[in-house]
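Single-structure report; data block below.
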Amino acid sequence: MAEQLAERGISDQNVLEVMKKVPRHWFFSDTLLDKIIYDIERSFDIGCGQTISKPYTVAWQTELLMLAPQMTVFEVGTGSGYQTAVLCEMGASVVTVERQYALYRKTKELLKGLQYTARCFLGDSFNGVPELKGVVYDRVLVTCGAPKIPEGLMHLLKVGGIMVIPVGEGEQRMLRVFKDGESPSQWRVEDHGDAMFVPMLQGRNIRQK
Ligand code: SAH
């Protein structure tokens with residue numbers, strides 16, 4: 001916003017700094033916020049061509065995870081950090097990975113500022129993160145659409161663990177996978193219906209804003 005004001009001719013730096021400091025959303029009425037930001041069916045652009053998930057989707061995926069306090073969760077697609085914050089509030093200990101550098105940086109700071117202790121990493125996370133090699137989790141949550149269930153992610157789950165993941169090219173389905181054993185023949189897949197997420201992509205993107 002400050003950039004736009006400067007472009008429109010406001011040049012006093014103090015004014016621009018103060019305009020940055022006072023978040024305009026504080027002054028909206030609840031009814032407007034309810035209508036727009038808290039509409040459970042609305043997602044929004046968060047930059048880098050990505051979106052913050054709808055509240056409905058966040059609640060749905062969180063419920064499907066069947067979390068208990070103290071569980072460890074590996075989240076793919078930090079994005080805005082909204083889902084990450086919800087997982088933290090559920091009592092989970094969260095590792096979250098984002099492939100877009102700009103989002104990773106911004107959200108890591110935001111979550112820290114909000115006192116959430118989720119650990120944020122930059123990467124494409126098809127196989128976890130190199131820094132935490134060998135660590136396995138109670139739950140894996142994927143918040144982008146994968147072409148198929150990534151085996152590498154299944155190996156991040158403890159036996160008895162659960163992965164929730166939207167899968168499919170074109171049409172996506174929300175899948176819940178129960179890892180009953182190490183062998184793929186012991187992975188039980190439940191279909192929870194239609195889903196619509198941005199695609200899960202390979203590699204990190206350090207350029208695009
Ligand atoms: N949970 C987020 C949703 C963000 S949209 C929220 O609540 O706002 C999905 C995110 O997944 C995007 O930010 C996208 O950049 C990221 N993403 C896509 N493929 C990825 C991958 N392979 N590894 C990590 N993040 C990925």
Side-chain angles (χ1 to χ4, degrees), residues 25 36-65 67 73-90 92-114 116 118-133 135 137 139-157 163-170 172-176 194-209:
H25 61 253
I36 302 174
I37 303 183
Y38 298 117
D39 180 337
I40 64 164
E41 300 296 350
R42 261 215 222 200
S43 53
F44 291 97
D45 183 11
I46 53 171
C48 304
Q50 308 305 323
T51 51
I52 178 171
S53 302
K54 302 170 185 182
Y56 173 74
T57 303
V58 170
W60 185 33
Q61 287 201 297
T62 306
E63 183 173 73
L64 285 172
L65 278 177
L67 287 168
V73 180
F74 184 85
E75 182 193 25
V76 180
T78 315
S80 68
Y82 179 37
Q83 173 74 72
T84 315
V86 169
L87 294 173
C88 292
E89 292 288 353
M90 293 290 290
S93 160
V94 186
V95 169
T96 182
V97 187
E98 171 57 54
R99 65 176 289 280
Q100 296 279 1
Y101 179 69
L103 285 177
Y104 154 77
R105 276 287 303 271
K106 193 168 142 211
T107 302
K108 185 180 171 159
E109 285 312 308
L110 176 72
L111 290 170
K112 203 169 133 197
L114 294 169
Y116 290 117
R119 297 178 66 189
C120 299
F121 291 90
L122 174 68
D124 78 0
S125 64
F126 275 86
N127 297 297
V129 284
E131 295 88 336
L132 298 174
K133 205 169 183 299
V135 178
Y137 303 84
R139 300 288 185 262
V140 171
L141 175 62
V142 182
T143 71
C144 39
K148 59 189 179 66
I149 297 172
E151 271 211 27
L153 285 183
M154 285 303 293
H155 293 307
L156 290 186
L157 271 181
M163 174 155 76
V164 172
I165 179 170
V167 171
E169 279 163 309
Q172 295 171 357
R173 310 290 295 177
M174 183 68 79
L175 303 184
R176 175 159 66 182
D194 285 339
M196 209 164 66
F197 286 76
V198 296
M200 181 171 178
L201 301 172
Q202 304 266 356
R204 48 178 83 165
N205 181 3
I206 55 171
R207 271 186 229 110
Q208 196 186 321
K209 278 253 164 86

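Every number for a ligand or one of its atoms is a count from 1 in the order of the listing.
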Query raised in the report: More than 12 non-hydrogen atoms from neighbouring residues, nucleotides or ligands closer than 6.0 Å to OH on Tyr38, yes or no?
Result: no
Query - Test item: Arg176 side-chain N/O and Val164 main-chain N/O as donor-acceptor pair under 3.5 Å - result: no
Check ligand 1 against the protein and report each N/O to N/O distance under 3.5 Å, formatted as atom name, atom name, distance.
| from | atom 1 | to | atom 2 | distance (Å) |
| --- | --- | --- | --- | --- |
| ligand 1 | 1 (N) | Gly77 | O | 3.2 |
| ligand 1 | 1 (N) | Thr143 | OG1 | 3.2 |
| ligand 1 | 7 (O) | Gln83 | N | 3.2 |
| ligand 1 | 8 (O) | Ser80 | N | 3.2 |
| ligand 1 | 8 (O) | Ser80 | OG | 2.6 |
| ligand 1 | 13 (O) | Glu98 | OE1 | 2.7 |
| ligand 1 | 13 (O) | Glu98 | OE2 | 3.3 |
| ligand 1 | 15 (O) | Glu98 | OE2 | 2.6 |
| ligand 1 | 19 (N) | Leu201 | N | 3.0 |
| ligand 1 | 22 (N) | Asp124 | O | 2.6 |
| ligand 1 | 22 (N) | Leu201 | O | 2.7 |
| ligand 1 | 23 (N) | Asp124 | O | 2.9 |
| ligand 1 | 23 (N) | Ser125 | OG | 2.8 |
| ligand 1 | 25 (N) | Arg99 | N | 3.4 |

Report summary line: What one should report as the nearest heavy-atom pair of Val73 and Ala92 is CG2-CB, 3.7 Å
Query raised in the report: Within the side chain of Thr51, is there an N or O that forms a donor-acceptor pair under 3.5 Å with the backbone of Ile46?
Result: no
Query raised in the report: Does a sphere of radius 6.0 Å around CZ in Arg173 hold more than 12 heavy atoms from other residues, nucleotides or ligands, not counting ones at 6.0 Å or beyond?
Result: yes
Query raised in the report: With respect to Leu153, which candidate in Phe74, Tyr137, Phe126 satisfies the side-chain contact (heavy atoms from CB on, under 4.5 Å) definition?
Result: Phe74
